[in-house]
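Each chain gets a letter, A, B and so on, in the order its sequence line appears, and its residues count up from 1.
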Protein chains: 4
Amino acid sequence: MTERLTTEDADMNRELKKEQTRARIKEAALALFSEQGYETTTVEAITKQAGVAKGTFFNYFSSKDDLLCDLQGIFAMNEVGKLKGTPGPLVPRLQLLVFELVKRFEMNKPLTRALFQGMLATDAALELHNRLLADLSEALLPLVLQAQENGEIRKDMPPAMLAQQAFQTYFGTLVIWAMEAGDEPLATRMTMTFELFFKGIAPQ
Amino acid sequence: MTERLTTEDADMNRELKKEQTRARIKEAALALFSEQGYETTTVEAITKQAGVAKGTFFNYFSSKDDLLCDLQGIFAMNEVGKLKGTPGPLVPRLQLLVFELVKRFEMNKPLTRALFQGMLATDAALELHNRLLADLSEALLPLVLQAQENGEIRKDMPPAMLAQQAFQTYFGTLVIWAMEAGDEPLATRMTMTFELFFKGIAPQ
Amino acid sequence: MTERLTTEDADMNRELKKEQTRARIKEAALALFSEQGYETTTVEAITKQAGVAKGTFFNYFSSKDDLLCDLQGIFAMNEVGKLKGTPGPLVPRLQLLVFELVKRFEMNKPLTRALFQGMLATDAALELHNRLLADLSEALLPLVLQAQENGEIRKDMPPAMLAQQAFQTYFGTLVIWAMEAGDEPLATRMTMTFELFFKGIAPQ
Amino acid sequence: MTERLTTEDADMNRELKKEQTRARIKEAALALFSEQGYETTTVEAITKQAGVAKGTFFNYFSSKDDLLCDLQGIFAMNEVGKLKGTPGPLVPRLQLLVFELVKRFEMNKPLTRALFQGMLATDAALELHNRLLADLSEALLPLVLQAQENGEIRKDMPPAMLAQQAFQTYFGTLVIWAMEAGDEPLATRMTMTFELFFKGIAPQ
DNA sequence: GATGAATGAGTTTTCATTCAT
DNA sequence: GATGAATGAAAACTCATTCAT
C-alpha cells in the first residue's frame, strides 16, 4: 500500500501529521495554561503533555511567546466582519454576536486569565492584540455610523468612540470576570453588562 | 551622641529610618515596574535603584510577590468608605470619586499594566485584590440601595449587581486603557465610560 | 526516457549528480563559514543554502566535522610535490609556489579564520592537518637537502628543521593575517615574510 | 575575635575572599581548557572544578566569553614596554624578551591551543587581541626606528612593517607549535625561528 | 537517494532567596 | 539592621543526528 502512494499523497500525509502535531501542542498548551497560568507553564511541560520531544516544540513555534501570539487567535472576532452583510437594527445583532463570542471563554476562566497574563507579559502579543482591536474598530465603525443615522443609537458621541467603548466593554468584562474568584457564568455577566451599555448608548 | 538619645528617641529614629527605607524600596519598584514590567524587574535592580543592598530587600518584604501585594494598595479605594458620610445624590459623588481615583494612574499606563501583570501572575496578589473588591462592594452596597430607594437609579437590578458593575466598569476601563498603545488620557476615557454607565443605570 | 539510458549512462548520470550535490554542499559551507565562522554555521543553514534537505547532508558527509576535514583539502599543497620535477635553484621556485598558494585565500580572511577555527575545535581536522604537514615535509626534505648541497641555503641547520620552518612561516603568516582586523592583502604580507625567511636561510 | 574586626577589616576579608574565588575559577578554567579545549569546556564543569556553584561563575564573569577575554591577559607583554628603558642593541634584548615570554606557554601546548581556539571563536577576544597587538606595535616602533638608525637592522623596510613581522613571527610560531602533535619544547622552536628572523632583518 | 519531522542531550544564563559577616 | 557573595533550581532554546516515508 505504501508504495501505491504517489508523492503527493505522501506529502499530504506528512502535511496532515504536521497539522496534527501542531494542534496537539496547542491543545496541550491551552490545557496547561488554564491549569497553571502562562508564566508558570514551561515549554517542557507542554511538550510532555503533547507527547512530543522538547525540541519539537521549536519546530513549530519559534518561541514560547510565538505560541502565545498564535493562541491569541482565540480573541479574533471574524463575526464582527460578518455583521456588515446582515440587515436590520444594530443593537440586537450585537447582542447576538456577544452571545456567540462568549461561548468560547465560558467555563474557561483560568485560561482566559492566562491569556491576558501572557498578553500583558509579552510585548508581541500585546501589539498583536492592539492590531486586532484596530481592525475590529474599523469594521464596526460604518455600522455604528449607520445606526446613528437610523436614530438607533445616540448621535452626540463620535462613532469611533462608541466603537471603542463597545470593545472596551467586551474585553473589560472578560478580563475582570477572569480575575474574579467565583464561578459566575460569563454569559450572565456579559449580558448584564451589555444591557447597561446598550441603555447607555441609546438615543436621548 | 547616639547614646544621649533616650530609648524612645532612638526607637523613633530607627522607626523613621525603617519607614524611609521601606518607602525608598517601594518607590524604586514602582519606577522600575513602569519601565520594565513586573516579571522583568529583578529584586537586584530594585535595591540598586533604592540604594540599598540586595539582602536588605528581604528585611522589608518576605518575597518579591509580597512587595507586589503591598503595592496593590494603590488600588485601595478608601474614598469609597467616605462616601457613606456625605449627603446628597450618589451619582455625582461617584463621578467625583472616580475623578479622584483616576489621578493615581494617569500618566502611568506602563505601571498600571505592570501591576495588572503582576496581579495576574501572582495568586496572592489576585486574592488580595478580590478581597479588596469584596470590601468595596460591601461598602458601596447600602449607598446603592439608598439611591435605588431615592429613585436615583434603576430598581430592576439587584443592588449587589449594580455595585459589581460599577467596579467592573472602573477596573475594566483601567486595564483595557493600560493595554492600549496610544497615550489617550485616562481621565477622558474614564469620564466617557462612566457617562455611559450612569446613563445605563438611570431609572426607567 | 530514463529507461532508454543504458545502465552505464544512468550510472554516470547518477555519479555526476552526486558529485554536483556534494560540490554544492561544500560551496554552501564555504560561503557560510566565511560569513559566520565554523561553529556558528549550522548544518541546516548549509543545506538550505545548498538547496537540499537537511538529511541529504548526511548522505554525503558522516558529520559536520567530516565536512570540515573534507574542506581542509584547501590547505593541501600538491604543488609541493611537483617541485621535485622542476630543475633550477629552489628558492625562486618556492617563491613562485607560495605566490600560487596565496591566491586561494586572498580576499577570504573570514573563511581562512573559520577553517582554522574549525581545525582547532575538531580533533580529527587537526590530526588530518598534521598528517598533511608530515607529507609535505617529506616531499620538501630532499629538495632542501639538495639545495644545501648546492650551496643555495645554509648548511648549519638540519634540512628537516628548515622544511619545518618553511611550513611554519607559511601557515603562521596565514593564521595571523586571518586574525587581524584590517584588509591588507595576503600576498603583500606573505611576500614580505618570505623575503625575510629566505634571507634568514641564506648561506653564511 | 570576629567582633574585634573593624568594618574595614571585614571588607578586606571579603575582598580577599572574592579575589580568591575569582582566582579559583580562572585556574579551574585554565586547567579544563588545556584538557578539553575552549568550546568543549562548559561553565558547569569549570564551576565544579572550582568548587563553587554554577551561578557563582556569573557573579564574576558576565559570560564564558568574558572569562576568555580575561584569560587573554596571558598574552599581554608588558615586558615590551620595559624595553624602552634599557640601553644597548635591540636584537639581544629582544632575544631575551622572547625567551622570557616563552616560559609562560612552555609545557602548555593544549592550553595555548585552547586560547587560540577561543580567540578565533569569540569576536570580543579577537578584538581584544588586536588592540593588544596595536599597543605592542606602538611600543616597539621607536625602538625599531632607533635600531635602524644605529645600523643594527636593515633600513630598507619601514619600521612598522618590521615590528609587525616580529609579532607575527612570535604569535605565528606560538599557534603553529600549539597545533602540532609532538612535544617539542616551545623554547627550541622559538629560538630557531627568531634566529632566522634576526638574520632576515640584519642589515645588508 | 532525498526528504524533513522528530529527537533530546546539552548549554548558557537568570534570579529569588539565604546567610555568614 | 545592612551587606553582598554564594547558591542552585529552573528555563528557554540549539542543533547535530536519526529514520520513517
Among dA2(F), dT17(E), dA12(F), find the nucleotide with the atom closest to the side chain of Val43(A). dA12(F)
Rounded to the nearest Å, what distance is computed from the CZ atom of residue Arg22(A) to the C1' atom of nucleotide dA6(E)? 16 Å
Listed partners of Lys54(B) passing salt bridge (Lys or Arg N to Asp or Glu O under 4.0 Å), at least two apart: Glu44(B)
Whether Thr21(D) contacts dA6(F) is assessed here as follows: a side-chain N or O lying under 4.0 Å from the phosphate OP1 or OP2. Is that the case? yes
Heavy atoms only, 4.0 Å cut-off, all strands: where does Lys64(D) land among base, sugar-phosphate and nothing? sugar-phosphate
Nearest nucleotide by nearest heavy atom, which residue falls closer to the 5' end of DNA chain F, Thr41(C) or Glu39(A)? Glu39(A)
Is there a residue in residues 30-37 of chain B whose heavy atoms reach under 4.0 Å of DNA chain F, and which residues are they? none
By nearest atom, which of the nucleotides dA5(F), dA6(E), dA12(F) is closest to the Lys18(D) side chain? dA5(F)
Base-pairing mate for dA20(F) - Watson-Crick or G-U, with both contacts under 3.5 Å: dT3(E)
Will you find, in the side chains of Asp65(D) and Tyr38(D), an N or O donor that is under 3.5 Å from an N or O acceptor? yes
Between protein and nucleotides 7-10 of chain F, what N or O pairs are separated by less than 3.5 Å?
unit_1, atom_1, unit_2, atom_2, d
dT7(F), OP2, Ala53(D), N, 2.9
dT7(F), OP2, Thr56(D), OG1, 2.8
dG8(F), N7, Gly55(D), N, 3.1
dA10(F), N6, Lys54(D), NZ, 3.4

Considering only heavy side-chain atoms of Tyr60(A), the closest of dA6(E), dG1(F), dT17(E) is dA6(E)
In whole angstroms, the gap separating C1' of dC13(F) from CD1 of Ile46(A) amounts to 13 Å
So Phe61(C), base contact, sugar-phosphate only, or nothing? Heavy-atom distance under 4.0 Å. nothing
